[in-house]
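Below is one structure, written out as structure tokens; comments come after it.
The chains referred to below are lettered A, B, ... by the order of the sequence lines, with proteins before strands, and numbering in each begins at 1.
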Amino acid sequence: MPLFVLFYRLMVRPLFREPVRTLLTILAIALGVAVVLAIDLAGSAATGSFRSSMETLAGESDLEVVTSGGVPENVVGTLATLPYSIRVSPRIEDYGVIVDTKKALPLIGLDLVAEGSAYAQSETQKTAESQTQDDSEHVFEHLGDADSIWVGSSVGYKTGRRVELLINDQVRKYTVRGVYPDSHGNESAIVMDLAAAQNALCRYGRVDRILLKVPGTPGLEDWQQRLRTVLPAGVEVRPQGTGTNENRRMLAAFGWNLRLLSYISLVVGAFLIYNTISVSVVRRRPEIGIVRALGASRGVILSAFVGEAVCFGLAGALIGLPLGRLMATGAVRLMAATVESLYVSSRPGTIELNAESVLLALVIGVGVAVASSYSPAREGSQVSPVEAMARGRREYDVRVHKARDLWLALALGLAAAVASRAPAVAGKPFLGYLAAILLVAAAALAMPAFVDALTSVSSKLLGKLFGVEAMLASRSLAASLRRTSVLVGALSTAIAMMTAVGIMVGSFRQTVVLWMSDQLPADLYLRPAGSAAADRHPTLSSGLAEELARLPGVAAVERLRAYEISYQDMPATLASADLNVLRSYHHSDFFSGRPKAQVLAELRDSNAVIVSEPFTYKHHLKTGDSITLSLGETQASFLITDVYYDYSSERGSTAPSNLAIYVSPGAQLDVVRAEIEKATADRRVLLFSNRDLRSEAIRIFDRTFAITYALEAVAVLVAVMGIAGALLALVIDRRRELGLLHFLGAATGQVRKLIRVEAGLLGLLANFAGLALGFALSLILIYVINKQSFGWTIRFHWPVEVLLGALTVVYGATVLAGLYPAKVAVHLNPLEVVHEE
Amino acid sequence: MSILSLQDVSKDYLTDGQPVHALNGLSLNVERGEFVALVGRSGCGKSTLLNLAGAMDFPTSGKVLVDGVSTSSLKDGGLTRLRRERVGFIFQSFQLLHTLTVFENVELPLLLAGKRYPREVAQERLAWVNLEGLGDRYPHQLSGGQMQRVAIARALIHSPSILLADEPTGNLDTTTGNVILELLRRLTREQNTAIVVATHSLEAASLANTLVRLRDGKIEEITRC
Ligand SMILES: Nc1ncnc2c1ncn2[C@@H]1O[C@H](COP(=O)(O)OP(=O)(O)OP(=O)(O)O)[C@@H](O)[C@H]1O
Ligand SMILES: [Mg+2]
């Protein structure tokens, strides 16, 4: 108890004497905690609730029977007539868009006569009380009608309502025959009879999926075995929801990377705590000596300083909690956009701030504080009573092992290089992350040598260029080398991450732009008006291509068809195209570098396929290997004839099902476009010019990566706040010197300039170091982490404007961070500070 | 005209709402080249007087004229110019900047005043205080006496008309202190610089042209030798 009193008097009370600095440190920690918490909360909201919309109404099924291009309908009969009591539910699955609201909903065709009457019945029971007593026979009457649909209650339609639906490229009229309750977190869907759905989607004789409910014994695996024997080759039976799980795994990789990004702010926060406690130790050396002489043990000193850090961590965590909850809302919005543009339409779940997240915030806040304060606290505890009381002539003369640290940095850098060459572990680029962490640590260790070298070189030059204030600023930064190094380290880490992610995203973007100029050579593109996503590819009417090809001014129409397939339990998109058109208009890059005519000739002849590069990477394949795909009821083997670059989605698909229209050389694009619009007036299709399509793709791209920019911005904000706090401490600690300058004839403006130059110098050093480290990190991100977790190959590209802009903003922010400390410096009373000793 | 003139100067400090009369209706004239020693018990107002004389602080009532200009009438820019051109300070604890070399410390006032090539002057001033050849050292590589000599060189770099020294020997042993005082007297005489030294040392008092004895913020006695 007396120790607590002492702790309060000696450690906590002084914090209130510099409220701004204390607050800045706490806020920096709070932001770090908040970001981690926000991403954690948002991640579980955006991905936890993630389920392919198609799992809506899946009921309690165990297994699903699927194959690319649809399961032949007779399989349903085969399964139903087996001598087991299996519930067999064939389904047609696609998407429909409600024309009025433009809302895309899963469109599910069920065998309503056999199973779906449940939906109709529940509606009947509800309406029975309010409306005229409906004969249930009356409901069943419409079951088979081609225009009957049932919708979830959240759509907000009443029975009897006429609705226009856009299905693929055509609009049809339907009547709502019933509403089923979907309030239990289920996404609502449009339900129709199997036959009606087949009709609407022109999918005759096939169903998309057959859901099975098997008896509890034997196990699922046995049932899979047993059923496989009766299924035609190529038709797969697997646990229900496998496709969703595959998607979920992809999404998890994305979330995992975001989570790592979110830790950057925390790392920056750790630097700042380290700095704060170091400053605290340096300032109190005499105090430590006195307390030690009066009987305090080393352990007491150690825990006092760690305790100080815990106060910061705790306060930061407590502020970080509500802040994180707030930020999570924004993060969910950004992440949902990503999820939607990359994967499926999914609605984010609610954000829940539960005991777990509170614990997480406390653990990371306090944990980071303790971890980063330990080293300076230990140093404080090793101050001997005599040493501290005989206060050294150089106040800031804290031991810095420049040379030793530089060697260590070199060793860590080498270790990073080695780690970056290692392959992925269990599909995750753990060693790539390790390499990144090692690099950051190496940079932190090399920082004192770097700062020392640069400031000693710069002080003369700066003095010449910017006057005595710049010289003094540079000197004092060099003199408090450790403090400066830590600050530069903190800011440069934030800048490096920003640079690295900036380069990575910029390179990716540039690669996409390049890819599009290869993959989108046509002048106009046509696709169904319903929104497409990676797991759904609405189709166009089959005759349309020929129809358009006959139009004047149209040179060629290329048909592209994408299917979702599963290859070795990973989702992939199978795309087919008219090879003749491909040959004449594409100039895509093949990995082998062979002329594309040759590759395409091979492709046409045999059972050959070309696969995208991410696909080979994911499945460890190369040219010359053969792959086996389930297509319809056959298992077909294909020889991989070549590999091409592809970036449309990480599964390796080409464009979604659409038409690529090449305009004849002499024809005018506008005229042809108008012509096509006229010809497709009765169909719901979207016509894009090449440029529209590209800018749309880039817009989606930018939206997808918006959250990464947001995360970086927070990290930089944390660093800048830290700089402000640290400069404030620097001003307080150098008040004697600053006061003296007044005696020696310094004008107020000169003192102000001194501090601002110091801030600017810190920013400049950090920008230099950050850019260098960021470049190295970007290489790891591009060539190791991304490649291993997503299979993307990105061509390196310096996004010069973006980086220049960002660095300028950061630099400006650092200079701004110097404003308040400069003001404090100017308002110091020189009489008090000089005569203080 | 006196280089420094205090006319019926009072200085009150407020501590916890209670006024403390640090100086109480004090008048004093200091001529060019004059060596003035301020003596008196701790708390009698020596430092306060020096601060007013250096325009680092301002009287509650009365006037402080430096070279005929009232310090209270000057704005920040004028005060800065006054310090840059007329006044030099020497402190008990030397107050050198640890991050700068001896040369750089000495040059600092000229640099702050925007002078471009101060090195020659600095070299000359260091010669005055017998520290030739130590210009590239850092303060922590010097003895206390050497440090105070550097401080003197710095205070003289811009050839001030008045030097204000607050217990310049307070942190030094008697012998070294005497050497410093002797040096100060010689230099101020050579340069015709007035110097006001607040001191507890009797040697300092014996060197002075004028001995001012303060008590409770008032002049108790002025002795001219
Ligand atoms: N900033 C201040 N606030 C309040 N009182 C002050 C302040 N500065 C000085 N005083 C008071 O004014 C009186 C004169 O102080 P001053 O520092 O001038 O004494 P001094 O003669 O220099 O003493 P010493 O020989 O100990 O240095 C003292 O009573 C002191 O307590
Ligand atoms: Mg005094």
Which value, rounded to the nearest 0.5 Å, describes the distance between N51(B) atom CG and F743(A) atom CZ? 5.5 Å

Look only at the side chain of E737(A) and the backbone of L97(B), and say whether a donor-acceptor pair between them is shorter than 3.5 Å. no

Portion of L96(B) that has a non-hydrogen atom of chain A nearer than 4.5 angstrom: backbone

Within a reach of under 6.0 Å around CZ of R404(A), are more than 12 heavy atoms found that belong to other residues, nucleotides or ligands? yes

Part of L741(A) lying under 4.5 Å from any heavy atom of chain B: both

For the residue pair Q95(B) and L744(A), establish whether any side-chain heavy-atom pair is separated by less than 4.5 Å. no

Atom CG of D216(B): over 12 foreign heavy atoms under 6.0 Å: no

Starting at NE2 of H742(A), measure out to CG of D76(B) and round the result to the nearest 0.5 Å. 8.0 Å

R84(B) (side chain) donor-acceptor with G745(A) (main chain) under 3.5 angstrom: yes

Would you mind reporting whether L472(A) and L111(B) have side-chain heavy atoms less than 4.5 Å apart? no

Give a yes or no on whether Y138(B) atom OH has more than 12 heavy-atom contacts from other residues, nucleotides or ligands under 6.0 Å away. yes

Heavy atoms, side chains only, cut-off 4.5 Å: are F91(B) and L740(A) in contact? yes

Hey, which residues of residues 752-760 of chain A are touching chain B, say heavy atoms under 4.5 Å apart? none

Side chain, backbone, both or neither of R81(B) within contact of chain A (heavy atoms, under 4.5 Å): neither

Taking C-beta and beyond as the side chain, do R475(A) and E104(B) meet within less than 4.5 Å on heavy atoms? yes

More than 12 heavy atoms of other residues, nucleotides or ligands under 6.0 Å from CZ of R215(B): is that the case? no

So which part of E85(B) gets closer than 4.5 Å to some heavy atom of chain A, the side chain, the backbone, both or neither? neither

Is the number of heavy atoms from other residues, nucleotides or ligands within 6.0 Å of OH (Y811(A)) greater than 12? yes

